[in-house]
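Residues take their numbers from the sequence shown, with the count starting at 1. Keep in mind it's a predicted model, so treat the numbers as computed, not measured.
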Amino acid sequence: MPKMTSEPSPTPSLWRHRDFVLLWSGGAVSDLGSAVSTLVLPLIAVQRHASIFQVSLLGVLGRGVPFLLLSLPAGVLVDRIDRRTLMIWSDAGRMAALASIPLVSLLGGTVSMWQLLLAALVVGSLRVVFDVADQSYLPILLPSESLMDANGKLRSTELFADSVGPSLGAGLTGLVGAARAIGADSVSFAASVASLLLIRTREPRQRPGTSAPRVSFREAMTEGLRFVFQDRVLRRIALATATANTGIALVTAIEVVFLVRSVHSSPLQIGLVLGLGTFGGVGGSLVARRLAERVGTARIMWVALVVPAPLVFLMPLAQSGWEVLTYAAGWAAFNASGAVYNTAQISYRQSVCPPELRGRVNASIRWLIFGVSPIGALLGGALGTWFGLRSALWVGASVMALTGLWLVTSPLRGMRDIPLADPAGSNRSD
């Protein structure tokens, strides 16, 4: 009598995984608070009659400088110090930095521009450490086969927070004032600290691969970069994502000016267009796991970027009136495909990277892919000034549409699924 083959048991729902739910819920509240700050922090500066340069400096200190200067050192710290502990202290530091702003207001003082700039720098710097630790901690909580689902849930929540956070910030500002509204972000970090403290899973005291002699801090920073460049798939992933971010930075640097001056959109229309575009990413994140299971967890990376790529050209085709929705459609299509791609590529590097290098590899890739954003923004401003806003948008859309070519010509084209990491985490592509 032939033996009956049992069907593979389905992966348990992550909503029943206590520690993941704690990580997700704390991150969700924190993401929403941070999205509130993206509007409220520069709004405080404007109310303090800051110059355009000073307002732009908030963004540079909050996002640009920390990524360029701290990503690689943060990777070494994440690989040498307990990741959960780093995340807790990073959230606590951001909570304190932001709490200082409403505290000054409550005490009757005036929030200075220097205080805002310092808060932006502290929050941005600690965010770099937290994000690298967060991506490196997830494979400790979950098995490899659950990473795609987990990253999709985390990404969709982050994008949803980005969509509704500015509106929430505007409402809070109207109720209590901008300086006090920033307290919502401080409270959100307190909630994240509480959720992390409740997580029971702990890292092993002796991490795999740490028995080798410890190298210097400077040499340790280069080990992550070396691993990325030597791995043919990771190298192409870094190039593809850097290319996409260049195009995104180019477009976002001029999109509001384009929608106002070239398309003559009202503020309400602009808010609708940009909000619909962001919700495309939420939708992509929600279906990422199912698409990956059907297409292949590795194959979906290039398919997600190549198949919908032509739709991005709807953005520079936008015209006045309701035809401005073509901009929203193109932006939503790109964000949806990018969300599917990002869910898969983060899961890939979490699966193939040795545990002792996860922090440095994640940090190295983030340093490479976010370091190009200032270049894209400057390019957008220059092209828009010299050749016109619509022509600059065509350039940005072309860069975004061609992103997938890096992956089509990589070993990913011959792979269906992401290789699952072995217990030592030593799997990698050559």
Nearest 0.5 angstrom please: E145 CD to S351 OG, how far? 9.0 Å
When you measure from the side chain of N362 to the backbone N and O of R358, does any donor-acceptor pair fall under 3.5 Å? yes
Any donor-acceptor pair under 3.5 Å from D149 side chain to R289 backbone: no
Test item: R155 side-chain N/O and N151 main-chain N/O as donor-acceptor pair under 3.5 Å: no
Just by distance, do the side chain of D19 and the backbone of I199 share a donor-acceptor pair under 3.5 Å? no
Please identify each residue that fulfils salt bridge (charged side-chain N to carboxylate O under 4.0 Å, His left out) with R235, with sequence neighbours left out. none
Checking S410 side chain against L407 main chain: does a donor-acceptor pair fall under 3.5 Å? yes
Answer yes or no: does atom CZ of R413 have more than 12 heavy-atom neighbours from other residues, nucleotides or ligands under 6.0 Å? no
Check against side-chain contact (heavy atoms from CB on, under 4.5 Å), V340 and V303: CA-CA 10 Å; V340 174; V303 170; over 6 Å; no
Can you tell me if S100 uses its side chain to pair, donor with acceptor, with the backbone of A97 under 3.5 Å? yes
Does D31 have any salt bridge (charged side-chain N to carboxylate O under 4.0 Å, His left out) partners at least two apart in sequence or in another chain, and if so, which? none
What I'd like to find out is whether the side chain of V273 reaches to under 4.5 Å of the side chain of W331, using heavy atoms alone. no
Side chains of L41 and L116 in contact at under 4.5 Å (non-hydrogen atoms): yes
Could you work out, with salt bridge (charged side-chain N to carboxylate O under 4.0 Å, His left out) as the rule, every residue matching R94, not counting sequence neighbours? D91
Specify the closest pair of heavy atoms between L159 and S285, including all atoms of both residues, with the distance to one decimal. CD1-OG, 3.6 Å
What pairs with A401 under side-chain contact (heavy atoms from CB on, under 4.5 Å), at least two apart in sequence or on another chain? A309, V312, F313
Taking atom CE of M87 and atom CD1 of I81, what is their separation to the nearest 0.5 Å? 14.0 Å
If we only count heavy atoms from C-beta on, is the L368 to L225 side-chain gap below 4.5 Å? yes
Between T403 and V399, is there a donor-acceptor pair closer than 3.5 Å when you use the side chain of the first and the backbone of the second? yes
Sequence neighbours excluded and cut-off under 3.5 Å, please list the side-chain donor-acceptor pairs for residues 377-396, or say none.
| unit_1 | atom_1 | unit_2 | atom_2 | d |
| --- | --- | --- | --- | --- |
| T385 | OG1 | G381 | O | 2.8 |
| R390 | NH1 | P316 | O | 2.6 |
| R390 | NH1 | A318 | O | 2.9 |
| R390 | NH2 | A318 | O | 3.3 |
| S391 | OG | F387 | O | 3.3 |

Do T201 and Y137 have side-chain N/O donor and acceptor atoms under 3.5 Å apart? no
Please walk me through it: do M148 and I418 pass side-chain contact (heavy atoms from CB on, under 4.5 Å)? CA-CA 10 Å; M148 181 75 72; I418 296 172; 4.1 Å; yes
Taking all heavy atoms of S188 and all of G33, pick out the closest pair and write down the distance. OG-CA, 3.6 Å
R200 atom CZ, over 12 foreign heavy atoms within 6.0 Å: no
One should read off an interatomic distance between L196 CG and L86 CG, to the nearest 0.5 angstrom, of 11.5 Å
Around atom CZ of F279, are there more than 12 heavy atoms of other residues, nucleotides or ligands at under 6.0 Å? yes
Indicate yes or no for a side-chain donor-acceptor contact from D185 to the backbone of S37 under 3.5 Å, with no hydrogens or angles considered. no
Show, in sequence, the C-alpha distance, side-chain angles and deciding distance for Y341 and I237, and conclude whether the side-chain contact (heavy atoms from CB on, under 4.5 Å) test is met. CA-CA 10 Å; Y341 160 73; I237 284 174; 3.5 Å; yes
Apply side-chain contact (heavy atoms from CB on, under 4.5 Å) to R18 and L198, showing your working. CA-CA 10 Å; R18 177 185 179 277; L198 291 172; 4.2 Å; yes
Looking at CG of D131 and CZ of F67, how far apart are the two atoms once the value is rounded to the nearest 0.5 Å? 6.0 Å
For P355 and R83, which heavy atoms make the closest approach, and how far apart are they? O-NH2, 3.1 Å
Write down the atom of M415, the atom of A298, and the distance for their closest heavy-atom approach. CB-CB, 4.0 Å
Is R261 atom CZ crowded by more than 12 heavy atoms from other residues, nucleotides or ligands, each under 6.0 Å away? no
Is a side-chain donor or acceptor of N245 paired with a backbone partner of S373 at a separation under 3.5 angstrom? no
Can a donor-acceptor pair be found between the side chains of R236 and T409 at a distance below 3.5 Å? yes
Over all atoms of both residues, closest heavy-atom pair of V233 and P411: CG2-CB, 4.0 Å
What one should report as the nearest heavy-atom pair of V361 and V228 is CG1-CG2, 4.0 Å
Less than 4.0 angstrom from a charged side-chain N to a carboxylate O is my criterion; do E203 and R84 meet it? no
What distance do I300 atom CD1 and T343 atom OG1 have between them, rounded to the nearest 0.5 Å? 10.0 Å
Where the side chain of S337 meets the backbone of F334, is there a donor-acceptor pair that is under 3.5 Å apart? yes
With sequence neighbours left out, the residues meeting side-chain contact (heavy atoms from CB on, under 4.5 Å) with L168 are L32, V36, L172
Separation of L291 CG from T297 OG1 (nearest 0.5 Å): 12.5 Å
